[in-house]
Student: 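Below is one structure. I have some questions about it.
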Number of protein chains: 2
Amino acid sequence: MNGPQTEENYLESYNPGDYPPVALAADLVVFAVAGSVLHVALVRRGTHPFRDRLALPGGFVGPRESAEDAARRELAEETGLDLGGLLVHIEQLATYSAPLRDPRMRVVSTAHLVLLATNGSTLPALAGAGDAADAGWYPAHEILAGKPGGQLAFDHSVILLDGLNRLAGKMEYTTVATQLLPGEFTLTQLRTVYEAVWNSPMAPGNFTRKMTPQLEDTGQKTRTAGGGAPATLFRATDRHIHPPLARPRTP
Amino acid sequence: MNGPQTEENYLESYNPGDYPPVALAADLVVFAVAGSVLHVALVRRGTHPFRDRLALPGGFVGPRESAEDAARRELAEETGLDLGGLLVHIEQLATYSAPLRDPRMRVVSTAHLVLLATNGSTLPALAGAGDAADAGWYPAHEILAGKPGGQLAFDHSVILLDGLNRLAGKMEYTTVATQLLPGEFTLTQLRTVYEAVWNSPMAPGNFTRKMTPQLEDTGQKTRTAGGGAPATLFRATDRHIHPPLARPRTP
DNA sequence: TAAATAGTGTCTGTAAGACAGTATAAA
DNA sequence: TTTATACTGTCTTACAGACACTATTTA
């Protein structure tokens with residue numbers, strides 16, 4: 001390799017041997033709601049560095065797949081979920097590329113936000129292949145409240161916070177929140193998702209009024225479990241909430 | 001390398017030789033406003049593939065820098081701008097990793113949104129080192145309107161569209177638009193930026209009423225050029241626009 | 001003056017926030 | 001009945017959208 005080059009001919013003369021190997025990873029911020037609490041899937045690390053610390057699940061991107069393909073594959077491997085079912089939402093979050101974020105070598109990681117559908121009470125089983133034994137669900141807000149020493153491995157606390165902020169923000173003006181529920185759901189279920197993610201109570205009446213225009217009435221009603229009127233089942237549409245639903249101010 | 005491995009010991013046994021080289025690039029979507037028109041910086045390709053087509057500027061990420069470091073460096077190299085001046089806004093956009101997005105080899109690219117400050121009439125000079133000779137400003141909306149054959153190289157049309165959407169969306173609830181203006185600016189200048197990005201006229205009176213709470217009055221006034229009252233100079237704050245400024249519906 | 005721009009005032013309709021009231025079911 | 005939940009209605013206040021009006025400058 002002979003001297004500095006301009007950007008234009010840089011790529012032409014690219015020679016893999018001239019560059020240090022860059023490992024491209026895909027990390028996952030997997031959310032699911034149960035019992036009015038937002039949970040995140042984490043794995044307990046068994047090896048150095050950050051041994052015994054919690055970390056986001058993830059893995060390397062293979063030669064013939066995109067980062068999102070890899071995220072999808074890793075998710076299937078660690079949860080044993082059938083991704084043919086449409087109840088999984090995946091979107092790219094951001095890429096973390098600080099040179100020393102992994103002390104061993106250069107790992108650039110593209111993080112993905114994953115939303116799994118639940119009925120609001122049962123979390124998807126995280127029992128699948130190998131590593132899944134270490135995987136478990138943890139309350140997201142408590143993890144982020146971060147008791148000292150309870151921080152996640154690597155820069156994963158930052159990634160988790162970014163993921164939560166992305167989700168919370170998008171819920172203001174889209175119907176992403178429905179991705180955390182089955183295909184048909186009640187307004188109360190949806191409201192519970194909002195309360196779990198925003199960590200803040202919502203007035204039921206006004207919530208109904210604001211949400212209904214973005215939803216499609218299935219005509220069906222629930223058979224209620226514990227006292228109360230049967231609720232209408234809705235389906236989501238791709239309509240945006242306009243103007244947005246205001247998130248209650250935190251103080 | 002012996003058989004499939006679990007995610008946990010994957011990294012431990014990572015061996016660069018086992019993986020095809022991944023080139024990590026940083027592409028730039030550089031915006032600036034002049035004459036009520038949003039412009040984007042593009043370079044004309046001199047070599048195959050996509051010879052003579054327009055493309056986003058960009059370059060490879062070095063071994064000891066993050067993707068954003070690389071974006072900043074590339075920007076300086078191609079514009080000759082003094083990045084010590086605070087009038088440059090950079091934020092990560094997304095990472096594009098489709099295996100065949102570059103026909104020659106695997107290039108994963110992290111795109112960045114860059115906003116340059118102008119007074120609204122003069123575009124920053126794109127004369128710097130080598131490749132800058134090919135660089136120029138192009139009207140963003142016209143490029144995206146995309147006369148057939150006028151498409152950008154690689155997946156850069158998609159990246160540009162994502163960049164514009166990010167900017168246009170963020171302008172609804174933040175003061176990012178001020179990053180396309182000098183440190184002190186008038187409400188008319190700011191309104192012009194909104195009109196350029198949203199490609200849609202805004203009512204001056206209502207714009208003033210909605211924006212003022214997010215701005216800080218400098219107490220100074222402009223010396224007007226061609227007839228009209230002197231305008232107040234404002235500075236931006238980091239306050240969010242709440243509720244958001246509605247973008248005029250496109251139909 | 002006239003023309004151009006900056007900025008304020010006013011009116012109207014919509015909708016958010018608060019909350020009462022009604023309906024439907026289970027215990 | 002009581003209790004719990006689902007939903008609708010009402011009232012007040014805030015504000016967006018439309019636009020008229022005044023003020024301040026240059027030509």
Student: Rounded to whole Å, how long is the line connecting atom CG of A:Asp217 with atom P of D:dA6?
Tutor: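 After rounding, the gap between these two atoms is 15 Å.
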Student: Rounded to the Å, how far apart are A:Arg191 CZ and D:dC7 C1'?
Tutor: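 Between C1' of D:dC7 and CZ of A:Arg191: 11 Å.
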Student: Is it the case that the side chains of A:Thr110 and A:Thr95 hold a donor-acceptor pair, with the cut-off being a distance below 3.5 Å and no angle test?
Tutor: yes
Student: What is the distance, rounded to the nearest whole Å, between atom CG of A:Leu190 and atom P of D:dA6?
Tutor: 12 Å
Student: To the nearest angstrom, how far is A:Met211 atom CE from D:dA6 atom P?
Tutor: 16 Å
Student: Does B:Gln189 reach the main-chain N or O of B:Thr186 with its side chain, forming a donor-acceptor pair under 3.5 Å?
Tutor: yes
Student: Does B:Thr232 place a side-chain N or O at less than 4.0 Å from the phosphate oxygens OP1/OP2 of C:dG7?
Tutor: yes
Student: Give the rounded distance in Å between these two atoms: CG of A:Leu233 and P of D:dA6.
Tutor: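 After rounding, the reported distance stands at 11 Å.
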Student: State which residue, out of A:Thr222, A:Asn119, A:Leu215, fulfils the side-chain contact (heavy atoms from CB on, under 4.5 Å) condition with A:Phe185.
Tutor: A:Leu215
Student: Nearest 0.5 angstrom please: A:Asn165 CG to A:Leu93 CG, how far?
Tutor: 9.5 Å
Student: Please give, in whole Å, the distance from C:dA6 C1' to B:Gln220 CD?
Tutor: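 After rounding, the reported distance stands at 17 Å.
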Student: For every nucleotide of nucleotides 13-22 of chain D, 5' to 3': is a protein heavy atom under 4.0 Å from its base (B), only from its sugar-phosphate (S), or from neither (-)?
Tutor: ---BBBB---
Student: Do the ring planes of B:His156 and B:Phe154 sit parallel (below 30°), tilted (30 to 60°) or perpendicular (above 60°)?
Tutor: tilted
Student: For the residue pair A:Asp27 / A:Tyr96, report whether a side-chain donor-acceptor contact shorter than 3.5 Å exists.
Tutor: no
Student: What are the two closest non-hydrogen atoms of B:Pro243 and B:Lys210, and how far apart are they?
Tutor: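 Closest approach of B:Pro243 to B:Lys210: O-NZ, 2.5 Å.
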Student: Nearest whole Å is fine: how far is D:dT5 C1' from A:Lys221 NZ?
Tutor: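 These atoms are roughly 12 Å apart.
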Student: What is the distance from CZ of B:Phe207 to P of C:dT5, rounded to the nearest Å?
Tutor: 17 Å
Student: Hey, does the side chain of B:Thr188 come within less than 4.0 Å of C:dA6's phosphate (OP1/OP2), counting only N and O?
Tutor: yes
Student: If you only use heavy atoms from C-beta on, which nucleotide in D:dT24, C:dT24, C:dT8 is closest to the side chain of A:Pro230?
Tutor: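 Among D:dT24, C:dT24, C:dT8, the one nearest the side chain of A:Pro230 is C:dT24.
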